[in-house]
Novice: 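Sending over a structure as structure tokens; questions will come in a sec.
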Amino acid sequence: MPRSMLVTPDLQTKEMDIDLSEAADVLGGSEQDRLHVVFVESGLTVAAIYSSDARKAENPEPNPLASMGRKEQETGDSSFISDPARAILGPVLFVGDEGAGLTDEDIDSIHNGIRAVENYKEDNAEDYELWHNAVINLTKGI
């Protein structure tokens, strides 16, 4: 079973060894989507599996780490705050490319991304809150 890491919207982490067919159960939804993300510090690309059902949750929370990684992968800009409409919601399961297990280097990259988000939140608290609230407001009525 591949080594993976679950990261919640509040940036709590849990290493897991699960079969990818069980990802939907771990993420709390029946639907799952996959995208590739990159974290600035390392430039490594990892796959992020998330539940598109998270948008339908009663109180959906954005996942700032996955949102930042998505933005970096798509545009080369890790400023995840700039596009709340592209935010990823709920917990995210990070796995290696093509469903392989994460390497120690991948795990370090994820932890470095978490530190970057935490530093951003601390240094730019007002901007982060505006982004967070915009994401929440965009999910209402879905």
Side-chain angles (χ1 to χ4, degrees), residues 1-139 142:
M1 292 194 188
R3 179 182 182 197
S4 60
M5 179 173 281
L6 182 70
V7 179
T8 61
D10 63 356
L11 303 177
Q12 298 298 310
T13 62
K14 179 180 180 183
E15 279 195 49
M16 307 176 84
D17 294 320
I18 67 164
D19 188 275
L20 293 184
S21 65
E22 300 169 6
D25 295 333
V26 171
L27 298 171
S30 59
E31 298 289 323
Q32 70 183 38
D33 294 308
R34 183 183 301 207
L35 58 95
H36 288 86
V37 298
V38 65
F39 301 112
V40 181
E41 293 294 319
S42 68
L44 294 173
T45 300
V46 296
I49 301 172
Y50 64 100
S51 175
S52 51
D53 286 343
R55 290 198 170 280
K56 301 172 190 169
E58 188 173 326
N59 295 307
E61 279 294 319
N63 189 308
L65 178 65
S67 298
M68 179 186 73
R70 170 187 244 174
K71 180 79 169 168
E72 174 69 17
Q73 175 67 20
E74 292 176 349
T75 68
D77 176 12
S78 63
S79 177
F80 64 88
I81 302 251
S82 63
D83 192 0
R86 300 281 296 148
I88 296 172
L89 299 169
V92 174
L93 188 65
F94 292 97
V95 297
D97 202 22
E98 301 296 323
L102 293 172
T103 65
D104 288 340
E105 191 176 17
D106 293 333
I107 296 287
D108 289 343
S109 179
I110 293 167
H111 283 293
N112 287 337
I114 290 170
R115 279 191 289 282
V117 170
E118 289 171 337
N119 288 335
Y120 186 91
K121 285 172 68 172
E122 185 177 311
D123 295 343
N124 302 285
E126 186 177 331
D127 287 344
Y128 180 82
E129 185 177 350
L130 290 170
W131 173 81
H132 178 270
N133 292 342
V135 173
I136 299 300
N137 287 332
L138 286 169
T139 61
I142 291 179

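Predicted, not measured: the structure shown is a model, and the values here were computed from it.
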Novice: Is it true that D104 and R3 make a salt bridge, defined as a side-chain N closer than 4.0 Å to a carboxylate O?
Specialist: yes
Novice: Main chain of N63, side chain of S67: is a donor-acceptor contact present, judged purely on distance under 3.5 Å?
Specialist: yes
Novice: Are P64 and V117 packed together at the side-chain level, in the sense that at least one heavy-atom pair is separated by less than 4.5 angstrom?
Specialist: yes
Novice: For residues N112 and S109, is any side-chain donor paired with an opposing acceptor at under 3.5 Å?
Specialist: no
Novice: Does a side-chain heavy-atom distance below 4.5 Å link I107 with E15?
Specialist: yes
Novice: Taking T103's backbone N and O only, do any of them form a donor-acceptor pair with D106's side chain (distance below 3.5 Å, no angle check)?
Specialist: yes
Novice: Would you list the atom pairs, donor with acceptor, under 3.5 Å between side chains in residues 87-94 and any protein atom, with sequence neighbours excluded?
Specialist:
none

Novice: Do E129 and K121 come within less than 4.5 Å of each other through their side chains, counting heavy atoms only?
Specialist: no
Novice: Are any of the side-chain heavy atoms of H132 and P62 separated by less than 4.5 Å?
Specialist: yes
Novice: Find the distance between CG (L102) and CE (M16) and round it off to the nearest 0.5 Å.
Specialist: 12.0 Å
Novice: As an exercise, state the distance from CG of L65 to NE2 of H111, rounded to the nearest 0.5 Å.
Specialist: 10.0 Å
Novice: Quick one: CD on E118 to CZ on R115, what's the gap to the nearest 0.5 Å?
Specialist: 8.5 Å
Novice: About how many Å separate OG1 of T13 and CG of L6, when rounded to the nearest 0.5 Å?
Specialist: 8.5 Å
Novice: Closest approach of R86 and R70, non-hydrogen atoms and distance?
Specialist: O-NH1, 2.7 Å
Novice: Rounded to the nearest 0.5 Å, what's the gap from OG1 on T139 to CG on N137? Could you check?
Specialist: 7.5 Å
Novice: Measure across A47 and G96 and return the closest heavy-atom pair with its distance rounded to 0.1 Å.
Specialist: CB-O, 3.9 Å
Novice: Any side-chain heavy atom of I18 within less than 4.5 Å of one from S4?
Specialist: yes
Novice: Please report the interatomic distance CD1(I110) to CG(L11), rounded to the nearest 0.5 Å.
Specialist: 12.0 Å
